[in-house]
Amino acid sequence: MELFYETIENLHSMLKEKKIKPKDILDAVYKRIETVDSKVKAYLLYTKDIAYKMAEEAEDRIMKNENITELTGIPVGIKDNMVLEGVPTTCAAKMLEGYKPPYTATVLKKLQDAGAVFTGKLNMDEYAFGSSTENSGFFPTHNPWDLTCVPGGSSGGSAASVAAGMCIGALGSDTGGSIKQPASLCGVTGLKPTYGRVSRFGLIAFGSSLDQIGPVTWTAKDNAIILKYIAGKDKKDSTSVDIDVPDYYKNINTNIKGLKIGLPDEYFIEGIDKEVKQKVLEAVDVFEKNGAVVKKIKLPHTEYAIDVYYVVATAEASSNLARFDGVQYGLRDFEADNMIDMYKKSRQKGFGKETKRRIMLGTYVLSSGYYDAYYKKAQKVRRLIKNDFDNAFKEVDIIITPTSPTTAFKIGEKVNNPLTMYLSDIFTIAPNLAGLPAISISCGFDSKNLPVGLQIVGKNFAEQDLFNAAAFYQQITDFHKKRPNI
Amino acid sequence: MAITRKDVEYIANLSRLTISEEEIEEYTKQLSEILEHVNRLQKINTDNVEPMSYAVDIKNIYRDDVNEPSIDRKKVLDAAPSVEKNCFKVPKII
């Protein structure tokens with residue numbers, strides 16, 4: 001296979017055996033970028049100078065046989081909502097065009113320490129508001145499997161860049177499904193870790209009680225490699241949790257005999273694409289034939305997850321985005337002659353449509369007179385959704401569902417109807433509200449040759465269970481070995 | 001609970017946004033549709049349910065009160081749109 005389409009695991013062996021150098025991989029990746037990124041448009045910024053310097057450092061580590069990790073010399077792309085000191089970070093928002101952050105996100109520091117190589121900043125929906133990457137303030141990203149389709153979102157650049165061979169792994173962020181849904185639509189593996197597993201310091205905040213950073217890769221094993229380097233308690237994020245970080249990669253155990261899998265009725269409902277349903281159920285059969293025990297379960301409050309999410313997440317977003325006021329950083333309107341007017345005009349100019357819609361919705365549900373009816377009510381129903389999962393996990397080890405009700409949809413298809421767009425996250429939202437970890441893996445292709453994604457949800461901090469189950473499935477099947485033809 | 005034009009103008013002001021006539025119409029329609037969907041929550045019985053504000057139960061997190069260097073002032077000011085005498089400069093307030 002071409003170097004740019006290899007797995008982290010294989011590249012690491014080749015590097016260790018000195019068959020290739022980090023620079024060789026990077027050359028292959030940038031050459032690939034030159035060939036396909038004009039069609040896919042996954043990157044907002046290439047960090048070539050930094051990347052080659054990092055590759056040299058990685059080479060040095062390998063030559064001296066010092067401090068080599070599985071990520072040393074591996075090109076990784078970064079969603080553009082994670083700050084890297086001195087490197088423009090925009091969140092795909094006009095508001096932050098040209099902004100050079102004065103500090104570096106904890107996850108990026110950790111990847112640097114592991115010897116990874118940063119290829120550039122990846123496109124996304126502005127502030128991570130969206131499910132298609134069409135809300136980017138700059139340009140939409142295209143799905144490598146079919147360039148007329150969306151890659152999903154908001155981490156569309158992360159999923160599309162991996163799928164097109166423009167980086168070996170990527171970091172995305174997930175609030176309501178923003179890693180899992182694009183991973184599903186682009187046929188790659190994407191993990192949303194347990195809330196608190198990975199530090200959010202340096203991640204530009206959207207919904208602070210939901211946001212998590214996670215890896216996008218071809219395989220579950222590669223995903224486990226990245227997670228073990230980015231996870232852990234960080235004193236700069238007080239919501240990060242102090243629980244040991246195991247070596248998820250070395251601990252992978254693909255023996256699934258006796259594994260109890262829950263299939264929730266509420267996720268196989270009317271309205272879900274028939275082919276998606278069929279592929280997911282076929283995948284469940286693979287588990288069952290190999291010794292897993294499949295059990296029907298009930299998650300009765302599932303249908304309300306989307307309503308809870310659009311109250312809680314927009315409320316949190318509206319307060320998080322109050323920081324964009326034209327004072328400390330970002331766009332400022334210089335014509336306004338008083339402070340309030342300056343705020344209003346700067347924000348009006350800097351924010352895209354979906355951003356304004358979400359700020360308005362969030363402000364409304366938090367406003368006097370509506371707080372109890374919307375925000376508090378949603379927080380209570382959020383508890384009921386979590387209770388559903390707690391009850392289910394008394395009986396099963398993992399839960400399997402489709403990641404998204406459909407495969408990739410056409411660019412422009414849902415852009416004028418926010419509600420139908422919101423519904424494409426219907427299966428990823430409920431586990432996120434409960435804080436649970438979940439992974440999306442490819443489980444086949446529909447008749448249009450578009451990838452279908454399967455979501456595996458685990459108990460809190462049981463990422464290992466997800467990697468085990470996903471790695472087992474990828475041992476038996478080869479959907480994760482298919483590459484788009486672009 | 002349909003949203004009116006007046007509501008939209010009111011929220012826009014609270015949100016510190018100036019919005020165009022066209023946007024007022026668009027948001028009135030779209031926010032009403034979304035809230036109509038969300039109103040389904042009202043029919044769920046949530047008596048005696050504790051609101052959930054965080055996904056993982058965490059109590060107050062304390063740390064020792066130790067001085068540590070913060071981000072360099074110059075680097076922070078470099079990112080600001082307008083600066084004077086080591087301060088952020090804004091339009092007249094009073």
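Proteins get letters first, then strands, A, B, ... in listed order; numbering begins at 1 in each.
Looking at K376(A), K377(A), R383(A) one by one, the single match for side chain to side chain donor-acceptor pair (under 3.5 Å) with T46(B) turns out to be K377(A).
Counting heavy-atom neighbours within 6.0 Å of F88(B) CZ, excluding the residue itself, gives a total above 12.
When heavy atoms are compared at a cutoff of 4.5 Å, V311(A) approaches chain B solely by way of its side chain, counted from C-beta outward. Using a 4.5 Å cut-off between heavy atoms, N416(A) touches chain B through its backbone atoms (N, CA, C, O) alone. For chain B, the nearby part of Y103(A) is the side chain; its heavy atoms alone come within less than 4.5 Å. In this structure, chain B has heavy atoms under 4.5 Å from both the backbone and the side chain of A378(A). Looking at S318(A), neither its backbone nor its side chain comes within 4.5 Å of chain B, counting heavy atoms on both sides. Of the atoms belonging to D47(B), not a single heavy atom falls under 4.5 Å from chain A. Contact annotation for Y99(A): only side-chain heavy atoms (C-beta onward) come within less than 4.5 Å of a heavy atom of chain B. Only the side chain of M342(A) comes within less than 4.5 Å of a heavy atom in chain B; its backbone stays farther off. Proximity to chain B (any heavy atom under 4.5 Å) is shown, for K349(A), by neither the backbone nor the side chain. Contact of K89(B) with chain A is made through the backbone alone, with heavy-atom distances under 4.5 Å. Within the 4.5 angstrom heavy-atom criterion, only side-chain atoms of Q30(B), from C-beta onward, approach chain A. At a 4.5 Å heavy-atom cutoff, the contact between K43(B) and chain A is made by side-chain atoms alone. Both the backbone and the side chain of E303(A) come within contact range of chain B, with heavy atoms under 4.5 Å apart. For L41(B), the parts sitting under 4.5 Å from any heavy atom of chain A are the backbone and the side chain alike. Proximity to chain B is absent for every atom of Y375(A), based on heavy atoms less than 4.5 angstrom apart. Residue contact with chain B, scored on non-hydrogen atoms closer than 4.5 Å, involves the side chain of I306(A) exclusively. Both the backbone and the side chain of V8(B) come within contact range of chain A, judged by heavy atoms closer than 4.5 Å. Contacts of I19(B) with chain A are made by both backbone and side-chain atoms, with heavy-atom separations under 4.5 Å. Interface residue K100(A): only backbone heavy atoms are found under 4.5 Å from chain B. Neither the backbone nor the side chain of R63(B) comes within contact range of chain A; no heavy atom of the residue lies under 4.5 Å from a heavy atom of that chain. Interface residue V308(A): backbone and side-chain heavy atoms are both found under 4.5 Å from chain B. Heavy atoms of S346(A) lying under 4.5 Å from chain B are absent altogether.
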Verdict with reasoning, F324(A) to Y127(A), per ring pair (Phe, Tyr, Trp, His ring centres under 6.0 Å): CA-CA 11 Å; F324(A) 298 102; Y127(A) 295 109; 5.0 Å; yes
Residues Y422(A), Y309(A); criterion ring pair (Phe, Tyr, Trp, His ring centres under 6.0 Å); working and verdict: CA-CA 10 Å; Y422(A) 295 173; Y309(A) 178 77; 8.3 Å; no
Candidate pair D211(A) and S173(A), rule side-chain hydrogen bond (donor to acceptor under 3.5 Å, both in side chains), full reasoning: CA-CA 7 Å; D211(A) 297 342; S173(A) 68; over 6 Å; no
D333(A)/D341(A) under side chain to side chain contact (heavy atoms under 4.5 Å, CB included): CA gap, chis, key distance, verdict: CA-CA 9 Å; D333(A) 179 279; D341(A) 223 33; over 6 Å; no
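With respect to chain B, the highest number of heavy-atom pairs below 4.5 Å among P101(A), G98(A), S238(A) belongs to S238(A). Taking chain B as the reference chain and counting heavy-atom pairs below 4.5 Å, the highest number among D325(A), L384(A), L436(A), N460(A) is found for L384(A). In terms of non-hydrogen atom pairs under 4.5 Å with chain A, the most contact-rich of V38(B), I34(B), D7(B) is V38(B). Of the residues considered (T18(B), L14(B), I61(B), I71(B)), T18(B) shows the highest number of contacts with chain A, using heavy-atom pairs under 4.5 Å. In terms of non-hydrogen atom pairs under 4.5 Å with chain A, the most contact-rich of N60(B), L77(B), N13(B), V83(B) is N13(B).
In this structure, the separation between CZ on F334(A) and OG on S82(B) is 5.0 Å, given to the nearest 0.5 Å. Atom CZ of R73(B) is separated from atom CG of N86(B) by 4.5 Å, given to the nearest 0.5 angstrom. Going from atom CD of E50(B) over to atom NZ of K380(A) covers 8.5 Å, rounded to the nearest 0.5 Å.
Note on R357(A) versus E354(A): salt bridge recorded, some NZ/NE/NH1/NH2 to OD/OE distance being below 4.0 Å. Taking the charged nitrogens against the carboxylate oxygens, E126(A) and K353(A) have no contact shorter than 4.0 Å, which rules out a salt bridge. Between K345(A) and E335(A) there is no salt bridge, since none of the side-chain N atoms of the basic residue sits less than 4.0 Å from a carboxylate O of the acidic one.
Between F389(A) and F393(A), the ring-plane angle classifies as parallel under the 30° and 60° cut-offs.
Using a 4.5 Å cut-off on side-chain heavy atoms (C-beta onward), Y310(A) and H37(B) make no contact. Annotation: side chain of F461(A) is not in contact with side chain of D244(A) (no heavy-atom distance under 4.5 Å). A heavy-atom distance below 4.5 Å is found between the side chains of L433(A) and L210(A).
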